[in-house]
Amino acid sequence: MDHLIYTAVSGATRSLTQQTIHANNLANANTEGFRADLERAGSQQVNGYGYNSRYMVNSQNGGVDMNPGALKETGRQLDIGIKGDGLIALQNGRREAYTRNGHIDVDTDGNLTINGLAVLGDAGPIQLPPFSSMAIGQDGTITIIPDNGDFMASQDVDRIKLVDVPANRLRKNKDGLLVSNRATEPRAEAVQVAGQHLETSNVSAITEMVSTVSLNRQFEAQIKMMKAAETLAQAGNRLIRGS
C-alpha cells in the first residue's frame, strides 16, 4: 500500500515545484530579456531499512532556456538588443553577472547601469563624459558627441563587454541574473547588438498557461490517489480487526 502513497506524494511534490517555475516564467512574460527557467527531475531512493523499492522525485536545476526573444525597436539611444547568442556583462561584486536586458540607464555622473549594476567595458565599469547625444554600434562601441554639440568632435569612449557563454555553464542567481561557473568570461568578438532595440522575453504566455492547467489536473489526480490509498488502508485495517 505504501508504494501507492510514495508514488502519489512524490508526483504531487514535483507538480508543485513545476507550478512554481511555470508561474515565475508567466509572471515575467513581459520582462525585457528574461530567459525562461527549466525544470528537471531525477529519482532518489528513500533511505532506511525496508525501503529498497521506495523512490521519491528529486527536483534539480534544469538550467535556463537561452533561445532568443524578438527584437523590438524603441528609438531610445541607450537601448540595445543582442542579435542571436550573447550576453551583456555587468559588475556584480567581485564577479561578473550577465543579462539579455539591454535597457541601459545613465546617472548624473555618466555611469552606465542596468538594474542598478554597472555595465562593463574594456577597462571596467563604463563612465561617459558629458555628451549631447550618443550611439551604440553593432560591436558595442559607444560613440558620443560632446555636450557643446560639435559633430566634428565625436569620439569613441568605450565598448560594452559582450560575452557568449554556453547554456550548460549558466545558472541564475538570487537576483535573477545569469552567472557562469567562472568569475569572469572573455569578450566574444562575434556577438553583435542592435542599437535602439530591446529584446522581449522568450516566454510564451500561452505555453506556460497550458502547462499550468495541465499541472493542476495532475496534482488533483495525485491527491485522489492519496485519498484512495487511505480508503484502502482503512478497509484493510477493518478486515484485520474482523469488523
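Keep in mind that the numbers below use all heavy atoms, side chains included, and drop hydrogens, waters and symmetry copies.
Between D37 and I21, the closest heavy-atom pair is O-CG2, 3.7 Å. A pairwise comparison of heavy atoms in A205 and A29 identifies CB-CB, 4.4 Å as the closest pair. Minimum heavy-atom separation, H103 to I114: O-CG1, 3.8 Å. Closest non-hydrogen pair, E199 versus G69, comes out as OE2-N, 2.5 Å. What you find for D122 and D158 is that their closest heavy atoms are N-OD1, 3.0 Å. Summarising the geometry of P125 relative to A118, their closest heavy-atom pair is CB-CB, 3.8 Å, with the distance given to 0.1 Å.
Under the 4.5 Å side-chain contact rule for hydrophobic residues, V163 and L90 do not share a cluster. Transitive grouping of hydrophobic side chains (ILVMFWY, heavy atoms separated by less than 4.5 Å) brings L162 and L177 into a common cluster. Taken together through direct or relayed side-chain contacts under 4.5 Å among Ile, Leu, Val, Met, Phe, Trp and Tyr, L87 and V193 form parts of separate hydrophobic clusters. Taken together through direct or relayed side-chain contacts under 4.5 Å among Ile, Leu, Val, Met, Phe, Trp and Tyr, L215 and M226 form parts of separate hydrophobic clusters. With hydrophobic clusters built from ILVMFWY side chains whose heavy atoms lie under 4.5 angstrom apart, V203 does not share a cluster with M66.
In summary, the side chains of T143 and D156 do present a donor paired with an acceptor at a separation below 3.5 Å, with no hydrogens or angles considered. A side-chain N or O of Q222 and one of S15 form a donor-acceptor pair less than 3.5 Å apart. Side-chain atoms of N173 and D175 include no donor-acceptor pair closer than 3.5 Å. No hydrogens or angles considered: a donor-acceptor pair under 3.5 Å links the side chains of S180 and E185.
Among T113, N111, V119, the single residue meeting the side-chain contact (heavy atoms from CB on, under 4.5 Å) criterion with D105 is T113.
Counting only distance, with no hydrogens or angles, the side chain of Q91 and the backbone of G124 share no donor-acceptor pair below 3.5 Å. A distance-only check finds a donor-acceptor pair linking the side chain of S201 to the backbone of N28 [under 3.5 Å]. Checking side-chain atoms of T141 against main-chain N and O of G137 turns up no donor-acceptor pair under 3.5 Å. A side-chain donor-acceptor contact under 3.5 Å links S211 to the backbone of T207. A donor-acceptor pair is defined here as one N or O able to donate and one able to accept, closer than 3.5 Å; such a pair exists between the side chain of D107 and the backbone of G110. The main-chain N or O of A36 is found under 3.5 Å from a side-chain atom of N202 such that the two form a donor-acceptor pair. Panel note: side chain R76, backbone I104; a donor-acceptor pair is recorded below 3.5 Å.
The shortest distance between side-chain heavy atoms of K83 and H197 does not fall below 4.5 Å. Q77 is listed as a side-chain neighbour of M134, based on a closest heavy-atom distance under 4.5 Å. Counting heavy atoms from C-beta on, the side chains of F34 and N24 come closer than 4.5 Å. Inter-residue side-chain proximity for K72 and T200 is flagged as met; some heavy-atom pair is nearer than 4.5 Å. Taking the side chain as every heavy atom from C-beta outward, V157 and P129 approach each other to under 4.5 Å. Between L120 and I160, every side-chain heavy-atom pair lies at or beyond the 4.5 Å cut-off. Contact of the I82 side chain with the V191 side chain is registered, since non-hydrogen atoms from C-beta on lie closer than 4.5 Å.
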How far apart are the C-alpha atoms of R35 and L178, what are their side-chain angles, what is the distance that settles it, and do they pass the side-chain contact (heavy atoms from CB on, under 4.5 Å) test?
CA-CA 9 Å; R35 307 291 86 178; L178 296 169; 4.2 Å; yes
Could you walk me through whether D139 and R159 satisfy the side-chain contact (heavy atoms from CB on, under 4.5 Å) test, starting with their C-alpha distance in whole Å, then the side-chain angles of each, then the deciding distance to 0.1 Å, before giving a yes or no?
CA-CA 8 Å; D139 64 348; R159 187 162 64 131; 3.8 Å; yes
Trace of the side-chain contact (heavy atoms from CB on, under 4.5 Å) decision for M209 with T212
CA-CA 5 Å; M209 291 177 67; T212 300; 5.6 Å; no
Could you please spell out the steps behind the side chain to side chain donor-acceptor pair (under 3.5 Å) verdict for Q19 and N216?
CA-CA 8 Å; Q19 283 180 327; N216 284 335; 2.2 Å; yes
Could you go through K161 and E96, starting from their C-alpha distance and side-chain angles, then the distance that decides it, and tell me whether this counts as salt bridge (charged side-chain N to carboxylate O under 4.0 Å, His left out)?
CA-CA 11 Å; K161 183 176 181 180; E96 293 178 353; 2.5 Å; yes
Criterion side-chain contact (heavy atoms from CB on, under 4.5 Å) on L78 and L112, from CA distance to verdict
CA-CA 9 Å; L78 286 165; L112 298 188; 4.2 Å; yes
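To the nearest 0.5 Å, atom CG of residue N148 and atom OG of residue S132 are 7.0 Å apart. Taking CG of D164 as the reference point, atom OH of Y98 lies at 11.0 Å (rounded to 0.5 Å). Distance check: E208 CD to H22 NE2 gives 5.5 Å after rounding to the nearest 0.5 Å. Separation of atoms OG (S204) and CG (L26) is listed at 9.5 Å; rounding is to 0.5 Å. The distance from the CD1 atom of I88 to the CG atom of N101 is 7.0 Å, given to the nearest 0.5 Å. In this structure, CD1 on I80 lies 10.5 Å from CZ on R100, to the nearest 0.5 angstrom.
Ion pairing between a basic and an acidic side chain is recognised when a charged N comes within 4.0 Å of a carboxylate O; D65 and K172 show no such pairing.
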